[in-house]
Amino acid sequence: MENDFLPVSQSDLRQRGWDRLDIILITGDAYVDHPAYGVALIGRALEAHGFRVGVIAQPDWRTDADFKRLGKPRLFFGITSGNVDSMVANYTANKRPRKKDDYTPGGKAGMRPDRALIVYANRVRQAFKDALVVIGGIEASMRRLAHYDYWDNRVRRSILFDARADMLVYGMGESQTVEIARRLDAGQGIETLDGIPGTAVIRKDPSFLKETVVLPAFEAVADDPVAFNKAFALFYRQQNPHTARPVVQAHGDRFAVVYPPPMPLAAADLDAIYERGYCRNWHPDYDAAGGVPGLETVRHSLVTHRGCCGECNFCSLYFHQGRVVQSRSADSVLREARELAGDPSFRGTITDMGGPTANLYGADCPRWTKKGFCGDKRCLTPQTCSALDPGYERSLPLYRRVRQIPGVKHAFIGSGFRHDLFGGKGSDTILEELCRHHVSGRMKVAPEHVCNPVLEAMGKPDIAVYDAFVQQFNRVGKRLPARRYLVNYFISAHPGSTLKDALEMALYLIRRNMHPEQIQDFIPLPLTLSGAMYHTGRHPFTGKSVYVAKTFRERKMQRALIQYRNPANRPLIRDALDILKARDLAPLFFKAAGGHQGKQKTGAVPSAASKPARRRPRKTGKSTGRKQRRR
């Protein structure tokens, strides 16, 4: 029944003549059958392999009634909190409840519980004591081992234990979820499903594994920051699919066993995932509530690739989608673009053709296919590796073909660009073509900070690289028929950033008449390098001490200095300047702030550097599996 939604009710089952489902997927998001939503990808992958799949979206967790809605599946329940970790979805960086949830009908907040994976899995256990439970998505990926939890301010166990799950799927999840279903369908017991790449399990005795990396136990890392960082560093180095070994961590008298990541998908496999019969809409049950706001940002977009070799320390992608870029074939992208152009709701604009990093479609390195990525250096920092091909010889011809499709008036790239992938010989021509045809007035880049020690702690290139790019952007901009602007993303209070660094950043912005309105308050996400630094106050690889702003007051002052034009920030700015013994700078701050009247104006450099834009949810493509680049 191509282009029908997956069943969500008993009446849907009766219409198909089914008496039972093989797999039931439970999600903390509304059910949106679009390839930017993880449950849709997993559901369609299972369906394509002949399994009967149903969906329970945003169940009422206060009772087990909703969890019984579709009965007990023949094989297993697959559970995810949604496209975003439930704690990130429910709370701000200052731990205040969010007022909106774009993944919920009408944007209503409070429709998913805190720690949704744990709550949902335990409700399933209450409803069906002997049901098999497989958890996945970003929340499972980033909590598959003992991890620091910002909201509890403590180290928590692997989520496998708290959810009482039989298995955990990490990463994007299609191949391993299908493999689990195949093995169970063949009669294997869940306790025998060992060795599946991209999964984790609990075992009483892991000695059957021939070669493992043993981490310090949960009890050790919970009490000792040195042991925590040792465990993190050991695990971090086991992410190359070609060389990784199973990782084992004791939790009491049992062990969390994490198998190596799956091999990157071939282009043909990735093509198949994104070309299945998606309805590309929210379920009709949500029409009365006005639909699901999160769909509008991605409805007419195309995912062209997965993975990111940027390896930013605050980002979840390294442990989730991986460092190897996986690109779809040009023909597959073109077929989807033509399908979009034929949609009655399409008005001529493809809003985004991209992935976690916009300008990495087609990227390649000679090592990736047979050896994976380097273990002793990064692809883009401290400078871009000469062996990395950013893929422009593949991406630009594809973009030209897309914009020639009848009905396509604009084919924009709305994802964030790596500014350090420009600047090389001949890149002016590349940048000009992108800006002329594929940037909708504003190009998104992420310098993140301006102080080099902070940028080093972030895993970002020096500010000189960004400054050179701005000069290039302005130079190229003079050849364009209309002005283009840069939307700059910055992070406040990242580990390594002192109040003095925030002041230096503010002065940098004031001198260039840049006034960013969208600042990302740093959130120490579980299982990220930056999260480890925040928790321990030390770098996991070097052991060097790292300054961490942990009080809400200091975090607010750092943000206030950066957002100097907001009148509400003046008291915090004064306090920060007093602490720094820099009160003499107050006139500079308040003169700059006082010049902001009515519509925001931009000067010569900021005309290419200061247009604001709201952050939108990144396309993870997966929730049973934010760039999920998420901070």
Side-chain angles (χ1 to χ4, degrees), residues 1-13 15-16 18 20-59 66-67 69-83 103 116-117 120 124 131-141 167 169-182 184-185 198 265 269-286 292 294-295 298 303 306 336 619-625:
M1 302 183 72
E2 190 177 8
N3 289 85
D4 278 354
F5 287 89
L6 298 173
V8 300
S9 66
Q10 287 292 336
S11 64
D12 288 345
L13 296 185
Q15 287 179 9
R16 288 167 170 77
W18 297 353
R20 192 179 185 187
L21 291 165
D22 297 322
I23 297 128
I24 296 174
L25 303 178
I26 299 174
T27 175
D29 291 340
Y31 175 30
V32 179
D33 193 43
H34 186 283
Y37 284 73
V39 158
L41 289 178
I42 292 291
R44 295 302 184 183
L46 290 165
E47 180 187 52
H49 286 83
F51 296 103
R52 296 178 177 182
V53 187
V55 175
I56 299 175
Q58 294 191 323
D66 273 355
F67 297 86
R69 184 192 309 160
L70 296 176
K72 180 185 171 185
R74 184 173 64 89
L75 299 179
F76 64 88
F77 281 97
I79 304 176
T80 172
S81 63
N83 274 8
Y103 293 103
L117 265 186
Y120 291 162
V124 166
L132 299 183
V133 173
V134 179
I135 58 176
I138 190 72
E139 188 162 325
S141 276
M167 292 191 74
V169 169
Y170 68 86
M172 296 300 278
E174 296 96 348
S175 59
Q176 50 267 55
T177 305
V178 169
E179 182 64 14
I180 291 169
R182 280 174 169 168
L184 292 174
D185 191 45
L265 292 175
D269 296 325
L270 202 57
D271 292 349
I273 286 169
Y274 286 97
E275 290 193 78
R276 294 190 169 119
Y278 302 98
C279 299
R280 305 188 75 93
N281 206 344
W282 57 67
H283 194 277
D285 285 353
Y286 309 137
V292 181
L295 175 62
V298 296
V303 175
R306 290 180 177 177
E336 188 177 353
K619 296 190 291 296
T620 66
K622 228 25 199 226
S623 62
T624 190

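Computed over heavy atoms, backbone and side chain alike; hydrogens, waters and symmetry mates excluded.
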Shortest non-hydrogen contact from S141 toward G171: OG-N, 2.7 Å
Hey, does the side chain of Y278 reach the backbone of L41 with a donor-acceptor pair shorter than 3.5 angstrom? no
Does a side-chain N-to-carboxylate-O contact under 4.0 Å join D22 and R52? no
CG of L184 to CZ of R182, rounded to nearest 0.5 Å, is 13.0 Å
Nearest 0.5 angstrom please: H49 NE2 to I23 CD1, how far? 11.0 Å
Just how far is it from atom CG of L117 to atom CD1 of I79, taken to the nearest 0.5 Å? 7.5 Å
Please name the pair of heavy atoms, one in P35 and one in E336, separated by the smallest distance, quoted to 0.1 Å. CG-OE2, 4.3 Å
Report the C-alpha separation of V169 and V134 in whole Å, then their side-chain angles, then the decisive distance to 0.1 Å, and conclude whether the side-chain contact (heavy atoms from CB on, under 4.5 Å) test is met. CA-CA 7 Å; V169 169; V134 179; 3.8 Å; yes
Considering residues at least two apart in sequence or located in another chain, which fulfil the ring-ring contact (aromatic ring centres under 6.0 Å, His included) criterion with F77? F128
Rounded to the nearest 0.5 Å, how far apart are CD1 of I24 and CG of L6? 12.0 Å
Can you tell me how far CZ of R69 sits from CG of L13, rounded to the nearest 0.5 angstrom? 11.5 Å
Exercise: identify the closest heavy-atom pair between Y274 and M172: OH-CE, 4.5 Å
Min side-chain heavy-atom separation N281-V32 under 4.5 Å: no
Spell out, as yes or no, whether a donor-acceptor pair under 3.5 Å connects the side chain of Q176 to the backbone of Y170. yes
Considering all heavy atoms of both residues, which atom of A36 and which atom of V298 are nearest to each other, and what is their separation? CB-CG2, 3.9 Å
Please check: side-chain N/O of Y37 versus main-chain N/O of Y103, any donor-acceptor pairing under 3.5 Å? no
Please give me the minimum heavy-atom distance between R280 and L295, naming the atom from each residue. O-CD2, 4.3 Å
Should V124 and F76 count as side-chain neighbours, where that means a heavy-atom distance under 4.5 Å? no
Sidechain-backbone polar pair: E139 side chain, S81 backbone, donor-acceptor under 3.5 Å: no
Run the side-chain contact (heavy atoms from CB on, under 4.5 Å) test on I56 and V8 for me, step by step, so that the C-alpha distance in whole Å, both residues' side-chain angles and the decisive distance to 0.1 Å come before the verdict. CA-CA 6 Å; I56 299 175; V8 300; over 6 Å; no
Going through the checks in order, is the side-chain contact (heavy atoms from CB on, under 4.5 Å) test met by R44 and D33? CA-CA 9 Å; R44 295 302 184 183; D33 193 43; 2.6 Å; yes
Ignoring hydrogens and geometry, is there a side-chain-to-backbone donor-acceptor pair from D29 to N83 under 3.5 Å? yes
Atom CD1 in I135, atom CD1 in I26: separation rounded to 0.5 Å? 12.0 Å
So V292 and H34, do their side chains get closer than 4.5 Å, heavy atoms only? no
Walk me through it: do F51 and D185 pass the test side-chain contact (heavy atoms from CB on, under 4.5 Å)? CA-CA 9 Å; F51 296 103; D185 191 45; 3.9 Å; yes
Taking E174 for its side chain and I42 for its backbone only, find out whether a donor-acceptor pair lies under 3.5 Å. no
Which pair of non-hydrogen atoms, one from A48 and one from R276, has the smallest distance, and what is that distance? CB-NE, 3.4 Å
